[in-house]
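The structure under discussion appears below in the form of structure tokens.
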Amino acid sequence: MKLLEVKKLTKSFGGLMAVSNVSMVIDKGELVGLIGPNGAGKTTVFNLITGMYSPSSGTITLFDGEQGKPIQGQKPNKICNAGVARTFQNIRLFRDLTVLDNVRIAMHRSVKYRLLSCFVHSPGYRSEEQRIIDESIELLKIFNLDGKKDELARNLPYGEQRHLEIARALASRPKLLLLDEPAAGMNPAETAQLSEIIRKVRKLFNLTILLIEHDMSLVMKICERIYVLDFGSVIANGSPDEIKSNERVITAYLGEDAIDA
Amino acid sequence: MLEIRELNVYFGVIHALKGISLTVNDGEIVTLIGANGAGKTTTLRTISGLIKPKSGTISLDGVDITNLSAKERVKLGISHVPEGRRVFPAMTVLENLELGAYLRKDKQGIASDLKKVYEHFPILYDRRRQSAGTLSGGEQQMLAIGRALMSRPRILFLDEPSMGLAPLLVQEIFNIIKSINESGTTILLVEQNASMALKTADRAYVLETGSIVISGSGEELAQSEEIKKAYLGG
Amino acid sequence: MDQFVQQIINGISLGSIYALIALGYTMVYGIIKLINFAHCDVYMLGAYIGYFCMTILHLDVIPSLLIAMMLCTVVGVLIEKIAYKPLRNATRIAVLITAIGVSLFLEYGTMYFVSAQVRTFPPRIVKSMSAGIKLGNINVTYMQLMIVGVTVLLMVLLQFTVKKTRIGKAMRAVSLDVDAAELMGINVDTTISFTFALGSALAGAAGVLVGLYYNSINPLMGMLPGLKAFVAAVFGGIGIIPGAMIGGYFIGMVETFVSGYGYSMYRDAVVFAILILILIIKPAGLLGRNVREKV
Amino acid sequence: GSGSDSDVIKIGVNYELSKDVATYGQSSVEGIELAIEQINEAGGVNGKKIKLIKYDNESNPSIALTLTTRLMTQDKVVAVLGPATSGAFGSTIPLAMQHKIPIASGSATADGLLVDENGNVKEYAFRICFNDSYQGRAMANFALNNLKKTKAVIIKDNSSDYGKGLAENFKKTFTDNGGTIVAEEAYVKNEVDFNAILTGIKGKDFDVIFIPGYYNEAGLIIKQARAMGIDVPILGADGFDSPELVNLAGEDALNDVYFSNHYSPLDESPVVVDFIESFKKKYNKEPDAFNALGYDLANFVVDGIKRAESLTGKAVKDALEATKDFEGVTGSFSIDENHDPVKALIIIELQNGKQVSTIRAGN
Amino acid sequence: MSKGFNKKAFIKTLALLLAFSVVQLLIRFNIISYYYQDILARVCINIILAVSLNLITGFTGQFSLGHAGFMSIGAYTCALIIERVPTVYGFIAGVILGALLAAFAGFLVGLPTLRLKGDYLAIATLGLSEIIRILFINLDSITNGAAGLYLQRRFVNWFWLYLFTVSTVVLISNFVRSSHGRACISIREDEIAAEAVGINTTKYKVIAFMIGSFFAGVAGAVYASYNYFIEPNLFNFSKSIDILVVVVLGGLGSISGSIMAATVLELISSFLQSVAAIRMVLYAVLLILIMLFRPGGLMGSRELSVAMLTELRKKAIAWLKAMPARAVHAVRSIAKGSGKPGDKSAGKGRVDG
Ligand SMILES: Nc1ncnc2c1ncn2[C@@H]1O[C@H](COP(=O)(O)OP(=O)(O)OP(=O)(O)O)[C@@H](O)[C@H]1O
Ligand SMILES: Nc1ncnc2c1ncn2[C@@H]1O[C@H](COP(=O)(O)OP(=O)(O)OP(=O)(O)O)[C@@H](O)[C@H]1O
Ligand SMILES: [Mg+2]
Ligand SMILES: [Mg+2]
């Protein structure tokens, strides 16, 4: 069953075609990789899907069951509320807030009380706040961050910041999660740990995941299907094994002796 | 060439570097590895003069440079590719590169170095009029390295140069590091990609929460079980 | 028709004054992202220094101007060293409050010494400055021509400095990333001091020129044009040198035409309304590019 | 019993010493301090020295209010001088009524300031300056009757109640008696460039300009108007009175300028001559209207204190109310039932920067 | 759990009532003089202003230089109503209507200008408040122009001041601690990330502006009635700056900081009155010094809490305990003739504490 369909997506900056004519389909429950050389347009695809940019042309459709809804060009918060969450290539946490607050903010979407009742803190308000805290802590537990819930995000080590970003993205209860280089800056041990976590949350939250990553050990290990982008266009699409042996991908991206991992 | 003795750095109450000593000999590639937050970046920033140490000495070619300004250190031949690239976003690629040669006056030398950088990173030539802030992550990394080379350094610090680069480029970058080194530049390399780093380096130091715990030749460390377990994912 | 031309002349000369002050705002803003509220008070100091040179030392206009520029440079650099430099790593708004403090200090420090009274320049000098050309019904004084000339010249020089010279490149680098600039071998402190020196020298010159032009100075004289100049800088795109100029002329023109056609009571309201409209259309000012951060 | 057991008598000074209208406050206080110095040198009041307690209200009526409270209840003064502007002065009147301590201003000119909505005088408030309607009317009549001008342009100080009050009253009298207002323009304090306004009116048909405002800006308006070739008579009020007017406008520009005032330096009465001399000695400059009004204000209040039966607010108020033929620098005056001074107004003519004649004007 | 919460709220309410009654009694028995009442009133009004601006600038991160404009709408509305209906009911109606109109203005301002960022927004808000002021000057027939409006009666007393101040503080701090408040804070922290986690940033900016201006309107109304007099120039650019100074000095994003700064600044200001001639110079120097030594403001973005007080107390006790030793040391070193070392350590202790 389709969850996301991208059709003929194009984005140009001035004369530069960052993304050109990209079409892809992601089914519900899949874990799909998006790889390609630096500057191929991967992050731009994410930015288009999440509404950070509006496309020059093309459509992006998000499915709810059979029902498809175009989301291109909408504001990021709308798209998030439609069920798409993301992390950023350059970590963008709320650095001066606590770990707990980072997650709580992202739960805003599910908050049930009205604007006026938050002025007086009615009983309903209080139980709802408690729910938010409880659920946030549950979420942090998955990432082993519950013990640090009162620390400022900026004071976390890099790896934990990446984890927190994923936790925050999950807090909005997305159907589709976009991860932009989650393993960047991590050492192999940490990367291994990350892949475990990705597996776990995927099961737990019934997630569909689209993942950008340059660490092939991670990508090849966990992705079921991979799209390869080069100069803004899809040059290959297939299972990890197919991709590994694709000549075009090897010359453009992987290099001859990269697949020892 | 570079000698660091008993370096102590504090951030407020955090004791980030706890009496670090290390040496880099002329012509070597030395790598500094360690987990996140171990203090690798802090070490580099201290050596290049962005952070003032509480105690300890740094000397270059036997001259104490602990109290020199960053500018004077650049003059003496230190160049630093900082963590997170730190390109000048609103300036074009070309302007960024020119700034790398800020302290140099030899127009011809600069021009030929510029050519060399473009040879190393052809994509930078294509993007030379684009503002650096809109480059992709990998492109920015190349720019940062290119910019550092423009000062024609004698010793180059690289802080996680492979971060966010495509596999092909990772190899490429390490090749470039090697060739830069071969053309006479001494290199101090901080890396998360420990296996590549150890492969490339002559010697290595392992940093853990602000102290150096192990040091040795690159090969030696690459074989060490401890290292394998902690840093090589083995 | 005559009236129209005359109003354009009025607008240009008023605009030049705003532009002259706005250049200083914009330069400092460009490098440390600080709305240097004290800038308009350095302008006021310049006027007083010129005044004392001419009345007490009986100097001529040009030497007074130079002395004022020199002393203002010193003041500007001192302000930066004492009040702003310790706050390099603080939030911008904290520095802004400090700048307000410095501004109050200069205003009331000056007022304490020279009282709030307006001062006028010696008649001999004022007379020599108020000559002009008459073309039919249209009046242009040499002073006006001089102010316009100086403003345009300075703008060109500044733009050249920032875009083409080494120090200019250093200024831009510092404004983008202090640490990285330092790694390039740029002396950040010197560069910032240089910017303040340049801006303050401009303010000093503007103070003397404008003081002479209108022949009226007082310790609070910087407030009104300071605010307008700041608005002008933002209007043109703060941090952008030609922007300050365009902003200055724009505001000068709008003010002139609104007043000139009988709506002087609503003058500032109209200026601000247009400003807001323009900002809504161009959120980073007329010349500013609204670059969305790449994520 | 305010301070009756000590050997000083405290008078509060609540003036605009900083921010927007610091010039008015500072000038007033110069006059006040000179007067008190002289009084103390002459032995004070019944052997007691006068002590001024001086605060800065930052040109802000709201702070003026606090300071009045402070002066009346903490410092226990017998009277408060100031503030200078009508707004600030008016806002403190309720406190004077509440604490029963007189306050007096030398420059709060707004009409109706001292009476409540039922027309009853607010007992504890006094002033020694003309009100706006008096001067506005006088100048309108002067323009119509003496100068025979009927088409006026008003350029008013839009940031002060003074400018607004004068303009309104001038306009009313002028139009009621057959004149027309061709244009009404406005500026704000500390402005220096009036070329746009002047160019704008230049094309119109008018024969007199009225500038309700202060010399700081008026001087520049006159200068710029004359430079532009506008040579109709220019009228103003006591805000013009300052030696700086000549410096600002330049002698050549000050032709056919008329303004209403309390006194003229041409006046040879000994009070005026003495005042000018001692003022020059103390401050090394010529006095202006605010200086003179401040000086008179202090003397007026001390005169009241001298005559008061006791040092209570009520007694001082009664004494001030009874003031008759007080010989001030700004003219001799008595206090009327509305606590306004009854004093003559003169109109001064300037030619080539010199005061050439004074015209006694009634209404 | 929820029982504990109620207890806390109960204790807080009790403390608030107690504070009110104590001051009320002190005023009754004339222990708090008129002058101190006056200072109290000003502090209260400044607290309302600062806390409301803090919501906009401190919590939501929107740099506003136009708070005085919103305040003036409340002030004029209230004054005009009181003028016609000079009763307590008129006053209450004035406050409510003033606040609502100010909030409406906040809404109008918010919609178009909120796509502006940083200094551009600041200048737009400054412009709007100036436009409002100029309108008040020129709408002569309603506002009496530059001459201002006089009010014969003062309705504001300790009861009203306390009510309005406490309500403002409680309502706004409740708001910022709610999910909606956190949405505002996230805008300050990182607008792009906030959008990405589903926060409608435009909506929350407008909400922050509306709530902030609502309470600025309340402050304005109270101010008008307290002062007997208002004029357009009371609400000029410098007034906005004054409010901003309080907020920054207290700490952006700290309500207790705003409260403290409003109090401290008022006290400093009245203290400096005794040196009228150079008070502004001293004030300026103080301002600079405070910012140099505490660039994050008195409180940073933290709130005053019991834990913090305990810590402070501990520090103070330690400091006091060390006093005798220090004194002995000082005496000794003076005896030895090595200057006055006591000064240095004392000064340092203060800056650190
Ligand atoms: N806002 C922008 N303005 C101009 N060019 C842009 C902009 N954003 C992206 N680009 C360009 O589009 C191309 C694709 O960038 P993108 O960030 O999507 O690459 P990427 O595939 O994510 O690369 P990397 O793996 O290095 O992160 C790059 O060449 C980049 O310079
Ligand atoms: N400016 C700073 N202020 C406070 N603490 C800092 C600062 N910079 C670094 N630290 C702390 O110093 C320690 C060392 O940091 P450093 O950045 O040097 O680590 P690193 O080894 O480079 O880690 P990474 O692999 O994540 O880059 C960390 O605990 C970090 O939190
Ligand atoms: Mg990318
Ligand atoms: Mg690092």
Side-chain angles (χ1 to χ4, degrees), chain B residues 11-12 41 44-45 47-51 68-92 94-105 130-137 139-140 143-144 147-153 156-159, chain C residues 26-27 29-33 81 85-86 88-90 159-195 236-243 283-285 287-295:
Chain B
F11 294 112
T41 300
L44 292 192
R45 287 168 63 85
I47 308 176
S48 54
L50 294 179
I51 299 176
L68 293 189
S69 68
K71 172 185 168 175
E72 264 135 21
R73 297 184 204 207
V74 176
K75 261 193 176 148
L76 290 176
I78 289 181
S79 189
H80 183 163
V81 180
E83 184 175 50
R85 296 129 190 179
R86 307 293 281 270
V87 295
F88 299 109
M91 293 183 161
T92 64
L94 180 61
E95 283 173 321
N96 267 276
L97 292 173
E98 283 171 353
L99 267 172
Y102 182 72
L103 288 180
R104 293 173 58 182
K105 303 245 153 61
Q130 188 171 331
S131 45
T134 60
L135 294 177
S136 84
E139 291 162 349
Q140 289 186 10
L143 178 57
R147 187 181 63 182
L149 289 178
M150 290 298 293
S151 69
R152 199 176 273 182
L156 179 65
F157 303 158
L158 295 154
D159 199 344
Chain C
T26 249
M27 289 223 332
Y29 187 93
I31 191 158
I32 54 172
K33 300 283 172 291
K81 289 269 183 274
K85 192 176 160 202
R88 284 277 161 78
N89 298 317
Q159 182 71 353
F160 177 80
T161 312
V162 170
K163 289 281 167 185
K164 300 287 178 207
T165 63
R166 241 166 72 85
I167 183 86
K169 225 181 250 172
M171 284 162 64
R172 284 200 294 150
V174 170
S175 78
L176 292 171
D177 189 331
V178 171
D179 274 356
E182 229 173 305
L183 288 178
M184 302 299 104
I186 292 166
N187 190 332
V188 173
D189 288 338
T190 318
T191 310
I192 294 179
S193 294
F194 176 78
T195 312
I238 191 157
I240 303 169
I241 288 168
L287 298 190
R289 267 187 307 159
N290 193 27
V291 268
R292 270 201 77 169
E293 204 179 337
K294 180 183 186 292
V295 291

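The sequence lines fix the lettering, A, B, ..., with proteins before strands; numbering per chain opens at 1. Model, not experiment: these values are computed from the prediction.
- By the side chain to side chain contact (heavy atoms under 4.5 Å, CB included) test, Pro242(C) pairs with Met155(C), Gln159(C), Ile240(C), Leu287(C), sequence neighbours left out.
- In this structure, the side chains of Ile31(C) and Ile192(C) come closer than 4.5 Å at one or more pairs of heavy atoms.
- When heavy atoms are compared at a cutoff of 4.5 Å, Ile51(B) does not approach chain C at all.
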Inter-chain donor/acceptor N,O pairs below 3.5 Å: chain C to chain B:
| unit_1 | atom_1 | unit_2 | atom_2 | d |
| --- | --- | --- | --- | --- |
| Arg166(C) | NH1 | Tyr102(B) | O | 2.2 |
| Lys169(C) | NZ | Glu98(B) | OE1 | 3.0 |
| Arg172(C) | NH1 | Glu95(B) | OE2 | 3.4 |
| Arg172(C) | NH2 | Glu95(B) | OE2 | 2.6 |
| Asp177(C) | OD1 | Arg86(B) | NH2 | 3.1 |
| Asp177(C) | OD2 | Arg86(B) | NE | 2.7 |
| Asp179(C) | OD2 | Arg45(B) | NH1 | 3.4 |
| Asp179(C) | OD2 | Arg45(B) | NH2 | 2.9 |

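- The CZ atom of Phe157(B) lies 4.5 Å from the CD1 atom of Ile47(B); values are rounded to the nearest 0.5 Å.
- The side chain to side chain contact (heavy atoms under 4.5 Å, CB included) search around Ala90(B) returns Leu176(C), not counting sequence neighbours.
- Interface check for chain C: of the options Leu50(B), Val87(B), Ile78(B), Val81(B), the most heavy-atom pairs under 4.5 Å are formed by Leu50(B).
- Here the CG atom belonging to Leu68(B) is positioned 6.5 Å from the CG atom belonging to Leu76(B), to the nearest 0.5 angstrom.
- Looking only at side-chain heavy atoms (C-beta outward), Val74(B) and Met184(C) stay at 4.5 Å or farther from each other.
- Using a 4.5 Å heavy-atom cutoff, the side chains of Leu97(B) and Leu143(B) are in contact.
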